[in-house]
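In listed order, ligands and their atoms are each counted from 1. Not measured: the values here are computed from a predicted model.
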Amino acid sequence: MTTTTIVREFEADLVVTDSHVVADDVVALTLATPDGSALPPWTPGAHVDLVLGDDLVRQYSLCSSPGDRSAWRLGILRTPDSRGGSKAVHSDLHNGATVRVRGPRNHFPLVAAGRYLFIAGGIGITPMLPMIAEADAAGADWHLLYGGRTRASMAFVDELAPYGDRITLVPQDESGMLDLDATLREPREGTLVYACGPTGLLDAVEQRCATWPSGSLHLERFTAKEAAVQSAGNTEFEVMLQRSGLTLTVPSDKSVFEVCKAAGVSVVGSCLEGVCGTCETEVVDGDVDHRDSILNDEEREANEYMMICVSRCRSARLTLDL
Ligand code: FES
């Protein structure tokens, strides 16, 4: 079973000490504290929040080395994002600019194993870089399958070159799509699959790993799964907040997060669509209807934590450690 590590306490304005283009529409940002003090520790797979404006918070994976506490590096793709998060990064965060940063947070930790298969689509390569470095340093057997639209759109290819034939680059315009059928057809005992990229790729990987041993597949999604945003069939339930001593009603058209916030309870959220993990809350009792895109099957079954921005309750009452 994977472990989920959350470190929430760090929040600061960091300085952009370097910003440069590393592939078509991809900029690499290096961030440091204004006084040069050490940044908090993190582990491969972690992401941070960039606070880019009022109600405009975006999550980006750290893709530098956890051993370097002097700076953090992010790789950010300019996307046709409805609220303009990545556009703001590309247009405003030049050398010397400051940006509010929260985290790091890790819902995609690298579990120790002898063999790994890493699958990255486009900017999904970012969390893989420190994971690969760690797996390689630990002497694990590993391979990376890295697909992108074109070679020029694929970031950090130069950094991967020293790994030689452990890397398979698949620019779509030259070689077509990643051959997931060939790669994942045979379940392999003892091999962990880590995948990050667009929803279509992750859904395809998930589908093909259905016959793999439980716990083999680890995914990080950038956008919410369908179930997170579905509201049809929602029912009303009561939420009892154990530490606050409050009992609140969650109507079918409101989330637990919204109801708690409206009642003045201190809750923190960021993406509000079950992707970032900021609102993770301990469950004391109740049959949780998990709608997030973070927890794996074992974590859902354990019923110990829930993302209160999207997940609901199947029983009449939910009790939370809030
Ligand atoms: Fe991001 Fe709930 S606020 S998962």
Count the heavy atoms belonging to other residues, nucleotides or ligands that lie under 6.0 Å from CZ of Arg149, then report whether that count exceeds 12.
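It does not: Arg149 CZ has 12 such atoms or fewer within range.
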Between Phe108 and Tyr194 (judged by ring centroids, cut-off 6.0 Å), do the two rings come close enough to count as a pair?
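Judged by ring-centre distance (under 6.0 Å), Phe108 and Tyr194 do meet the cut-off.
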If you stand at atom 2 (Fe) of ligand 1 and look out to SG of Cys309 and SG of Cys279, what angle do those two lines make, to 10°?
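Roughly 100°, rounded to 10°.
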So, Thr249 and Glu236: side-chain donor and acceptor under 3.5 Å apart, yes or no?
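Note: Thr249 and Glu236 side chains miss the donor-acceptor criterion.
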Would you mind running through ligand 1 and noting each atom that sits below 4.0 Å from a heavy atom of [X]?
{"X": "Gly277", "answer": "1 (Fe), 4 (S)"}
{"X": "Val275", "answer": "4 (S)"}
{"X": "Gly269", "answer": "3 (S)"}
{"X": "Gly274", "answer": "4 (S)"}

Ligand 1-proximal atoms of Asp292, by part, heavy-atom distance under 4.0 Å
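Within the 4.0 Å criterion, Asp292 makes no contact with ligand 1.
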What residue and atom, counting heavy atoms only, is the protein's closest point to atom 3 (S) of ligand 1, and at what distance?
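Its nearest protein heavy-atom neighbour is Ser270 N, 3.2 Å.
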When you check the gap from the basic side-chain N to the acidic O, do Arg221 and Glu206 get nearer than 4.0 Å?
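Salt bridge flag = yes for Glu206 with Arg221.
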Might you point out which heavy atoms bring Leu93 and Val16 nearest each other, and give the distance in Å?
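In this case the closest contact between Leu93 and Val16 is O-CG1, 4.0 Å.
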